[in-house]
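For reference, the structure discussed in these notes is given below.
Sequence lines set the chain letters: A, B, ... in the order given, protein chains first and strands last, and positions in each chain run from 1. Computed from heavy atoms alone, side chains included, the values below leave out hydrogens, waters and symmetry copies. Nothing here was measured: the structure is a model prediction, and the numbers come from that model.
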Amino acid sequence: MLDNINFLLIREIVSSVLIIIGVVFMTISTIGLLRFPDFYIRMSAITKGATLGLGLILTGMGIYFNEPDMFLKVMLIIGFTFLTSPVAAHVIGRTAVRNKIPFWERTNLEEFKDYLHKEHSAHRDHERDNKQV
Amino acid sequence: MSLFSFTLIFAMASLSLCLVMTGIRFAIGPTLPDRITAFDLFVANIIGMVAIYTEFTGNEDFIDVGIILSLFGFLGSISFAYYLMKSTR
Amino acid sequence: MELILPFLIGILFSASLYLILHRHFFKLILGLILFGLATNLFLFVIGRLTRGGSAIIGPEEKVATEPFADPVPQALLLTAIVIGFGIQAFAIVLIKRVYQSFGTNDLDDMNTTDQIEEKH
Amino acid sequence: MKTFIIHFLIAFIGSYLYFKYGDPMLPYNAFWAVVVAVFIMFVLWLTTPFYHRTYFHKLPRALNFIAYFLKELVVANLRVAYDILTPNYRMKPAVVAVPLSVTTDLEITLLANIITLTPGSLMIDISADRKLLYMHTLYVKDNDLESVKYHIKHGFERRLMQLTR
Amino acid sequence: MKTVILATAIRILIPIFIIFSVYTLFRGHNHPGGGFIGGLIGAIAFVFHTMTHGPQHTVDTFLKVNLYGYPRQPNQSRSLYLMRMMRVNVWRRRKMARHPEVKHRMIRIESVYIIATGLLLAVTSGVFGLLSGQPFMHAYWTDFYIPILGKPGTPILFDLGVYLLVIGVVLKITFVMSEE
Amino acid sequence: MFLAILAGFLLAFAAPMLYRWLGKWVFVPMALLPFSIFVYLLTLAPAVLNGQNLGELQAWAPSLNINLHFFLDGLSLLFALLITGFGTLIMLYAGGYLKGHPLLGRFYLYLALFMTAMLGLVLAGNIISVFVFWELTSISSYLLIGFGHDKESSRSSALQALLVTGLGGLALMGGMILLGLAGESYTLSELLERGDLVRNHALYLPALVLLLLGAFTKSAQFPFHFWLPNAMAAPTPVSAYLHSATMVKAGVYLLARLTPVMGGTDEWQYTLMLVGGVTTVLGALLATQHTDLKAILAYTTISALGLLVTMTGIGTAPALEAMVVFLLAHALYKGTFFLVAGNVDHATGTRDLTQLSGLSGTMRYTATAALLAGMSMAGLLPFFGFIGKELLYEATLQESPFRWLLFAVSFFSGMVFVAVAIALGFGIFWQRSTRPTPLQHPDKPLLYLPPVILACTGLVFGLLPGFFVTPLLRRAAEAMLGVEQVFELALWHGFNLVLGLSLLTVLLGYVVYRYSNKLLSYASRFNGLYRLGPANLYQLGLNGFLTGATKITATIQNGYLRSYIAAIITAFIALVVLSLSRGGPRLELANRLPELTQLRLYEVVLLMMIIPALIFLFKSRSRLTSIAIMGIIGYSVALFYILFGAPDVAATQLLIETLTVVIFVLILHKLPAFTYLSHASERYKYVLLSLAFGAVMTYVILIVKQYPLDSQLKAYYGQSSYLLGQGRNIVNVILVDFRALDTLGEIVVLAVAAIGIMAMLKLRMQKGDKP
Amino acid sequence: MNHLLIVLPMLIPLYGAILSLFSWRYVRAQQIIGILAQACMLIASFMLLFDVNEHGIRTTQIGSWPAPFGITLVADLFSSMMVITSAITGMAIYLFSIKGLDKARQSFGYYPVLMILQLGVSGACLTGDLFNLFVWFEVLLICCFVLIALGGTKPQLEGAIKYVTINFLATGFLLTGIGVVYGILGSLNLAELAVLVRTPVSHPALITMAGMFFLIAFGIKAAIFPLFFWLPASYHTPPIAISAFIAGMLTKVGMYAFIRLFTLVFVTDQELTIPLLTVLAGFTMVLGVFGAASQNDFRKILSFHIVSQIGYMLMGLALYTPLAIAGSIYFILHNILVKTNLFLISGVVAHRHGTFALKKLGGIYLQQPFLSVLFFISAFSLAGIPPFSGFWGKFMLAKAGFEIDSFVIVLVSLAVSLITIFSMTKIWNEVFWKNKPESDPLLNVMTEREKHNNRLLHLPVAFLAVFILFIGLYAEPVVAMAQLAAEQLLNSELYINAVLKR
Ligand code: NA
Ligand code: NA
C-alpha cells in the first residue's frame, strides 16, 4: 500500500503550496512597505508578514528535503527569525520614536503623549548633534 | 518543467520583485529607520531566495548560509539602531 | 552571467575608484571597501563559474563529481576576504583616529608630512 | 519553561543523533525523532527531582498558546494584506499603553515579541517601571483603546501567564 | 541601548550562538563552516552582549575566572591540600566564596591571551609533523570518529586554533571600540 | 707592499688612540711609518732601476676580477717615494703645526689614511683597485679640507672638492670598467701590453672621455680647477701634501700610467694639450690676481698641473722626460713654499702678501728655505727647477704643429712662476723693510726643518742629478713610453736657445713682479668674467639643481593622496593597454552573445540592485545610509557567491559585511555631520579615469575568460579531499590542510589587526617627536 | 632536518610572537623573548644559508602535499640571503628598541608585531607559491600599518592614511593579478607556472598583461616610479626603531618578489618588459634622489634615498644579465643593512637632540666621535664609495650595463650616485661638522641615565656597522654568493627541478 503512494509527489505538492503562500505573504508585506503612510505603520505591517512568509517558505523546504539535518536547520532559522525579528523591530521602533520620526497624522497618540514628552525632553540637549546623521 | 520547478521559478521571481520594491523603499527613505527596516526586509528576502535556491539545486549546504544570514541580519539591525541611539545619547 | 558579471565588476571598480578620489575621508573608506569587494568578485569570476554545484563531496561519494565548483578560487577568496577585513577594520579605526586628532574630514588637509621644510 | 526548552533540546538532539548516525534503515527520521524525544523527556521528567508536575500539565497549554498565536498571526496577516491590496486604508492607528501583569524579563520579552510578530501591532517600549507596554496598533475601532487592551490582556497575556506560572 | 526585551533575547540567544558556533566549527570539514565562520558566530554572541550591556559587563560575565584558595596548614599533606583546593574551586564555589578563611582571586582572561592561544594551537598543530621528520603541517588523523564533531586530527586542531583566534580578535576589537 | 698599505691603514685608525697615549709626541710613530715605507721602497729600488717590474697579488674579490694587485715600476716608484718621503716630512710638520689641537689624533688619522690611499693608488696593479684607492683619497681629502669643520667656508669647500672629485671618480669608475671591457682585463700589467687592442676598440672613445674626466677633476684642470683654491681652507700641512705634491698629481699619474694603453691617438693628444694649455695659462693669470699666499700657490699649482698635462699630451719622449722631471721639481719647491706659507701664517697670523715683510730677521730658517725654493721655482742654476724648465722648453720646441703655441704657454707660466718665486722667496723675507711683521712666536724646529730639508733636496738634486734621480726618472719615463729610455740629466747644457729663453723668463718674471701691484689693480676688471667662470657655474648649477629638485619634488610629492592614486591608476591602465597592444588576443564577444539567454531573472535583479545602489551611494550624504548601502551591496555579492556554488565564501562574506557594519557603527557614531566636499574642477577628470579603470578591468576578465581553464588543482583537490584530506568540504580542506599555510598567515593578519586597533584606540602619545 | 631548516625562520618569530602575546603585560619579558628569538633566528638563518650554499636549492612541501597542489617553501640562495639579512637587521632593531623606544609603545604590542613582521619577511622570501606570497605580503602590510600608526601622533596618522590607502590598492592589484594568472594558467605554484609559461601553447600577451598587475602591485610595495608616493609621505613619521626596520626591509622584500616573479614567471615578452623596467628604474633613481636633495630633514633625506636606491635594484633586473642581477641582489642586501643603520643613527642623534631637522642639529662630530665614525661608514656605504659595501653593488650594475651597451642607464645611475654623495655629505656637514646652533639650553640637558641609554643605543648601530664593513671590505663571499644566486634565478630549470622533483 505504502509503495503505491508517491511520497515525493506529495512532498512536492505540500512544499509548493507552503512556498507559494509564503511568497505571497512576503510580496504583500513588501508592497505594504511601499504603500503605507508612516514609518510605524510600515513597520508593524511587515513585522512580520515577512517573518510568516519566510517561515512558510522554510517549512516548505524542510518538508521537501525531509531529512533531520534539514529540519534542524529549518527550525533553527524559524526559531531565530521569530525571536530576533520582533526584537529588532522593537529596537528600531524605539529608536525611531527617540529620533522623533513623525507619526501618521491620523494616529491616536493620546496615551503616548507622556512617554513622548519624557523622552524628548531628556534628549533635547543632544538634538543639535543629531541634525543630520 | 514540473509543477514544482514552476513553483520555484515563480517564487524566485516574486522574491526578486520584492527585492526591487524593498530597494525602492530604501531609496526613497525618507527617514533612516525606514531604510533600516528596508534593510531588514532585504535580508529576509535574501534568506527566502537562499531557501528557494537550495531547493532548486537540491544541495542542502546552501541553507547553512541562510542560517548564518538569519543570525546576522539581526546584528545588522541592532547595529543600526545602536548607531541612531548612540548619536542621540 | 559570465558575460554580464565582468561588466558589473568593472562598474564596481569604477565606482570604488571614484569614491577613493574624493576629498572626504568617509568616501575614501567606502571606496576602499568597495574596491576590496570588487577585487574579491574579480578573483571569483575570473576562475570560471559553476552554477549550482558547490565544492562539497556528497555524502555517498568519495571523490567530487563534475560539475562541481572550482574550490581553488573559493579558498583563495576566503583568505582574501578575511585579510581584507582585517585591513579594512584597521583603516576604519585609523580614519576615526585621524578625525579625532585633526578635527577635519578633508583629505586635503593631510599634506604636511610631504612638505619640504625650509633650509635655514 | 526554561527547563522545558532545555530538556526538549537535549531530547531532540539525542534522538536526532540516534537516527542520523545510529539507524539509517528507518524511514521518516524526523517523525521518529520527535517520538523518541518525547520518550526521553518522559524519562527525564521521571528522573528529575526538581520538576514535580509542571511538564505535562503545561504541554497542552503550550500547544494552546502556540495555536492561538498562529491563528492570530494568520488572521492579522490577512487583515493587513487586505489593507495593502485594496486602494483605501481601513486602518485607524493608535499608540496604546497596555498595563502589564507579567513581571519577569522572559515573560515581558515573550509577550512583546508576540505582539510585534502579529502584523498590525508593534511594541514600541516598556515604561521604566515595567508597568506599561506601549504598543502601536493599526486597527482601533471607534477609538476604543480599551478593547485593544482587553484583547491583549485576555488573549496573549493570560495564555502566557498560564504557561509560565 | 539596554532594553529589557533586547537583553532577554540576547540572554537566550547567546548559548544558542555558542553551541551553533561550535557545531559549525566541527562540521566545517564536511559542510560549509569551519573555524573562521564558527569563530565569528561565537564572537557575535559576545558582540551582542557588549552592545547591550557595555564591554565591562561582558568581561565580568564571561571573561573572568574566580579562583578561591586558602593558606595551607603546616601539617596538612600536600595531596589533601590539593584535593581541598579542587573542592573549593570546583564543587562548592558558591558556598566557599563567602567563607572567611578563603581568599578570592580573580583572573581576567585578556582577549589577547585568547588570540595567542588560538595562534599557538594553529602553529603547534603543524609542528607534530616536523618532530617526526615530516614537513611542517603534515596531517595526522586518528582512527576513530566522534559523532557530530567528526574525526579528530591535526587539521581540526588547526581549525580550532583559527576559531579561538577569531573569537579573540572580534572580542578585542569590539571591546576596545565600544570603550571609546 | 700589501703589508705596507695594511700597516698604513691600521696605523691611521690607531692615530686617535695614539694621540691619547702619547700626547704631542704622536708625530713620532706617525712619521716613522711613512719613513719606514720609504726605506722599504728604497730597498726595492735597485731591482726596479734594473728594469724589473715587481708585482704582488692579494685576492680580494676574485669573482669580479677585482684583486689587490700591486705593481711597482719606475713610475709608481717615483710617485711612491714622493708620497712616503714627503709624507714623513709632513707628519713631522703637522706635529708642530697643530700642536695642542684637540683633534690632532683625528687629523693624523685622516692624513695617514690619505697617505696610504695615495700610496695604494700609485702601487695598485688592478685598474679597479686604482679606482678604489682613488676614491679613498677623495674622501680622506674631504675630511682633511673640512678639518676646520666649524667654519661654513671649510664645509662648503670640502663639499665642493668632494663633489668635483666625486664626479671625476664616478667617471673614472665608468672609464675603468669600459677600459677593462675593451682590454679584456683589469690587470694593469696585461693592459699595458694591449694598447693597440684598446685603442681600436669601439669603447675606446667613451672610456677615454670618462677617464679624462676623472683625471682632470682630480688634477684641477680647466674647467674643474676651481675647487683647488677653495680647498686651501684646509690646514697648511694638508695643502702642502695634498695640493702640491700628491693628490692633485694623482690625475697626472693616471694619465701617465695610461699613456701606453690609451695614449698616442689624436683625441688623447689634442684634448690633453688643449686642456692642459688653457689650465696653464689660466692658473698663471689667476695667480697674479691674488695676494693670499696660499691662493697664489694654489693657482701656480694649477698652472703647473696644466703644464704636466700638456706635456703628457704631447707624448713625445722629451716631453714625457720633461714631465717627470718637472713633476719632481715642482713637488719639491711647491711643497717647500706651502710649508713656508704655513710657517708664516702660523707665526704672524696672516697670509696676505701685502702685509708681510722683512721676516728674514725673525724667521731665519724658514726664510732660507723660501729662498732656496724660490730659486728652484724661478728656474735658476743650480737648482733642480732649472733642469725642469730647460727640459720643458726643449720639449715644447720640438717639431710639432703647435710648437710656438705650446712654448708660449710654458713661457708665460714660467714668467709668472718667476714673479711668484721672487715675491714669496725674496719679497716677504729678504726685502728690506722698515716695519717687519711682528711674530706671535719664534720659528720652531718642527716647523722649519721640513721645508729646509725639502728645499735642500731640490738643491742636491740639482747639483747631483746623475745619482739615483736620473735612473729613477728614466724608468718612470720608460713606463710611459714603453721603450727603454736613455737620457741624462745635467745642469749645464751649454749656451743655447733654451738657456737664453730661461734667462728671458727670469727677466720678464722680475718685470711682472715689479708691476704686480698694477696687475692686481686690473683684477677688478675681470670680475665680470668671473661670473661666467666655472666656480660660479658650479654654484649656479648647484643652486639651480637644488631649486629644480625642490620644485619637481614639490610637484610630484604634493601631499594630495588623490593625485598619487590617480597617478598609480593611470600607470596601471597604461601598462595593461601597452601589454595588450602588442599583438595580444582579440576579444570576441559576438559569438558569446547566445550565453545571455541563460541568464536567470533573479541574477539580473541582483545585478540591477547593485547599480542603483552605487548611484545612491554617490548621492547619499548620510553616513548611516551609506553604510547600509554597502551592506546591501555586500549581501548581494554574497548571494552571487551562493548562486555560483560557494557557500563558504558567501557565509564568510556575510559575516564580514555585518561585522564591518558593526565596526562602522561602533566607531563612527561620534563623528560630526557628513559634509560633502566637492572638487568640481577635478571631477570630470576623475570620472574619466574611473571609467577607464573599470573598463580595463572588465576587458581583462572578458579576455581571460575567453579561453578554457584546465586546472589540475581542481581535479586533484576533488579527487583527494575526502580520500586523503578526510573532509568532504573541499574548500575547508584546502583551508586547513592543502593550503593551511595561507590560513596561518591569514589569522596572523587578523591578530595583528586586532593588536593594531587596540593600540590605536588606547595608546595616545602626547608628544611624538621623541624617536 | 631539511624540512625543519626551511621552516625555522618562520617558526621562530611566530613562536616568539605568541610568547610575547602571552606575556602581554610584562614588557621586560617580551624584550628577553625578542632577543632570544632573534639570536635563534640568526643561527637558524645562517644554518639555512650554509645548507643551501652546500646543497643547492632546498624545498619542503607544507603538509606533505606534492608540489603543484600543496604550498612549497623554497630556499635558494637569494631567499636565504634575504632571510639572513632580515635576521641581522632584526637583531639590531631589537637591541635598539629596548632603550630607543618609549615604554608606552613597547607595551602595546610592539614586540609581537615586529616579530610577525619578520615572519612575513621570511614567509615572503621562502614561499614558492603565488598566493602564499600574497598572504605573507599582507602580513607584512598589516604589521607596517600597525607599526606606522603605533602611538598615533599626528604625523604618524597622516602618513598612515596615505600608506594604508595606497598599499590597499596594491593589495587589490596583487590579488587581481593572482586571479588573472590562475584564470590563464590554472596554477599557483611558481615552479609550475614557470613551466607553463615556457610551453608554447600559452598566450604570451595575456601573461605579460598579468605581469603588469604584478608590476604595479610590487612596484607600489617596492616604491618604484610612478608608484612611490606613499613612501616619502609615511616612512619618516613613526619612531625610529620602527621606521628603521620597515625602511630597511620592506621595499626590498617588494623588490625581492619583483625579481623573483620577473625572472621566473613573467618572461614571455621581455622585449616589452626590459625597456619598460629600464625606464622605470631610471626615473625612480632620479626622482628619488631629487627628492632627497630637496629635503632638510635627516629622516626625510633617508626616506627619499630608499626610492632612489630601489631604482638601482630595478636597474639590475632591467639589465637582465647574470652580473646585473647579482648586482641587484648584492645591492638589496647591502641597502637593507645600510639603510637600517642610517635610520638607527638618526634615531640615536634625535634621542640626544630631540629633533631630525638639519638646521637644528649639529656638533656631533665633537660630542660623539664614535657615532660619527659609524655614520660615516654607513653614509659612504650608501653613497657607494669604495671600499664600502655600496661600491660593489654599483660596480656590478655599472659593469653589467656597460657589457650590454646600456650606456644611458649606467650614466644616469652614476650621476645619481653623485647626488647621493651630495646628500650624505649634506647630512654629515649639517649634523656632524656644523656647530650646534644656539637653542634653548634647557632642552638638551640630559640626565646621566639618559646619557647612558644613549650610549647603549650605539650597540645595535655598531653591530650593523660590523656587517656593513664586512660585506664591503671582504665582499668576495657575498659577491660570489650573489652571483650564484643570480645564476639560480636566471636558470629557472634549477628552481623548477628542485620544486617539481623532475
Ligand atoms: Na576554515
Ligand atoms: Na624600505
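- Under the 4.5 Å side-chain criterion, counting only non-hydrogen atoms from C-beta, C:D70 is not in contact with F:F644.
- Between the CD1 atom in F:I730 and the CD1 atom in C:I57 there is a gap of 4.5 Å [rounded to 0.5 Å].
- Contacts with chain F were tallied for C:P71, C:A69, C:A64; C:P71 has the most, counting heavy-atom pairs under 4.5 Å.
- F:F618 and C:H22 have parallel rings, their planes meeting at less than 30° on a 0 to 90° scale where 60° marks the start of perpendicular.
- Distance check, rounded to the nearest 0.5 Å: OG of F:S636 to CG of C:L41 gives 10.5 Å.
- If you measure heavy-atom distances from F:M630 to chain C, the contacts under 4.5 Å come from the side chain alone.
- At least one side-chain heavy atom of C:I92 sits under 4.5 Å from a side-chain heavy atom of F:T660.
- Interface residue F:L691: backbone and side-chain heavy atoms are both found under 4.5 Å from chain C.
- Between the OG1 atom in F:T698 and the CZ atom in C:F42 there is a gap of 9.0 Å [rounded to 0.5 Å].
- Among all heavy-atom pairs drawn from F:P647 and C:I56, the shortest one is CG-CD1, 4.4 Å.
- Heavy atoms of C:F44 lying under 4.5 Å from chain F belong exclusively to its side chain.
- Chosen from C:P67, C:G84, C:A15, the residue pairing most often with chain F at heavy-atom distances under 4.5 Å is C:A15.
- Contact of F:I569 with chain C is made through the side chain alone, with heavy-atom distances under 4.5 Å.
- Heavy-atom neighbours of F:D710 CG from other residues, nucleotides or ligands within 6.0 Å: at or below the threshold of 12.
- Heavy atoms closer than 4.5 Å to chain C are found nowhere in F:S720, neither backbone nor side chain.
- Residues C:L28 and F:R562 fail the side-chain proximity criterion, which asks for heavy atoms closer than 4.5 Å.
- Every pair tested for salt bridge (Lys or Arg N to Asp or Glu O under 4.0 Å) that includes a residue from residues 643-666 of chain F fails, sequence neighbours excluded, so the list is empty.
- Options F:T652, F:V733, F:N558 differ in how many heavy-atom pairs under 4.5 Å they form with chain C, and the most are formed by F:T652.
- Side chains of F:N732 and C:Q74 form no contact here, defined as non-hydrogen atoms less than 4.5 Å apart.
- Considering only heavy atoms from C-beta on, F:R739 comes within 4.5 Å of C:L76 through its side chain.
- F:Q719 and C:V63 get closest at one heavy-atom pair: O-CG1, 3.3 Å.
- Between chain C and the residues F:Y722, F:F738, F:Y560, F:Y641, the largest count of heavy-atom pairs under 4.5 Å involves F:Y641.
- Between F:I667 and C:K96, the shortest heavy-atom contact is O-CD, 3.0 Å.
- Scanning both residues, F:I734 and C:A75, for their nearest heavy atoms gives CG2-CB, 3.5 Å.
- C:T39 contributes atom OG1, which lies 6.5 Å from atom CE of F:M697 (distance to the nearest 0.5 angstrom).
- Contact annotation for F:L614: only side-chain heavy atoms (C-beta onward) come within less than 4.5 Å of a heavy atom of chain C.
- For a residue to count as touching a neighbouring chain, one of its non-hydrogen atoms must lie under 4.5 Å from one of that chain's; by this rule F:I615 does not touch chain C.
- With a 4.5 Å cut-off on side-chain heavy atoms, F:L617 and C:L34 count as touching.
- Neither the backbone nor the side chain of F:Y716 comes within less than 4.5 Å of any heavy atom in chain C.
- Although no hydrogens or angles enter the test, the distance criterion places a donor-acceptor pair under 3.5 Å between the side chain of F:R728 and the main chain of C:E61.
- Among F:L689, F:D742, F:V700, F:L702, the residue making the largest number of heavy-atom pairs under 4.5 Å with chain C is F:L702.
- Considering CG of C:L3 and NZ of F:K705, their distance stands at 9.5 Å, rounded to 0.5 Å.
- Taking the side chain as every heavy atom from C-beta outward, F:F640 and C:L49 never approach each other to under 4.5 Å.
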**Message:** Show, in sequence, the C-alpha distance, side-chain angles and deciding distance for C:F85 and F:I663, and conclude whether the side-chain contact (heavy atoms from CB on, under 4.5 Å) test is met.
**Reply:** CA-CA 11 Å; C:F85 166 71; F:I663 288 174; 3.8 Å; yes

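- Looking at C:I29, the atoms closer than 4.5 Å to chain F (heavy atoms on both sides) all sit in the side chain, from C-beta outward.
- Each of C:I46, C:I81, C:L78 has some count of heavy-atom pairs under 4.5 Å with chain F, and the biggest count is that of C:L78.
- Between chain F and the options C:T65, C:I33, C:I20, C:I87, heavy-atom pairs under 4.5 Å are most frequent for C:I33.
- Pairing each heavy atom of C:L17 with each of F:S690, the nearest pair is CD2-CA, 3.7 Å.
- Residues F:L761 and C:R97 meet the side-chain proximity criterion, which asks for heavy atoms closer than 4.5 Å.
- Taking the centre of each ring, C:F68 and F:Y717 stay at or above the 6.0 Å mark.
- One distance of note links CG of C:L8 with CD1 of F:I610; it measures 4.5 Å at 0.5 Å rounding.
- Shown here for F:M760 and C:V93, the closest heavy-atom pair between the two residues is CE-CG1, 3.8 Å.
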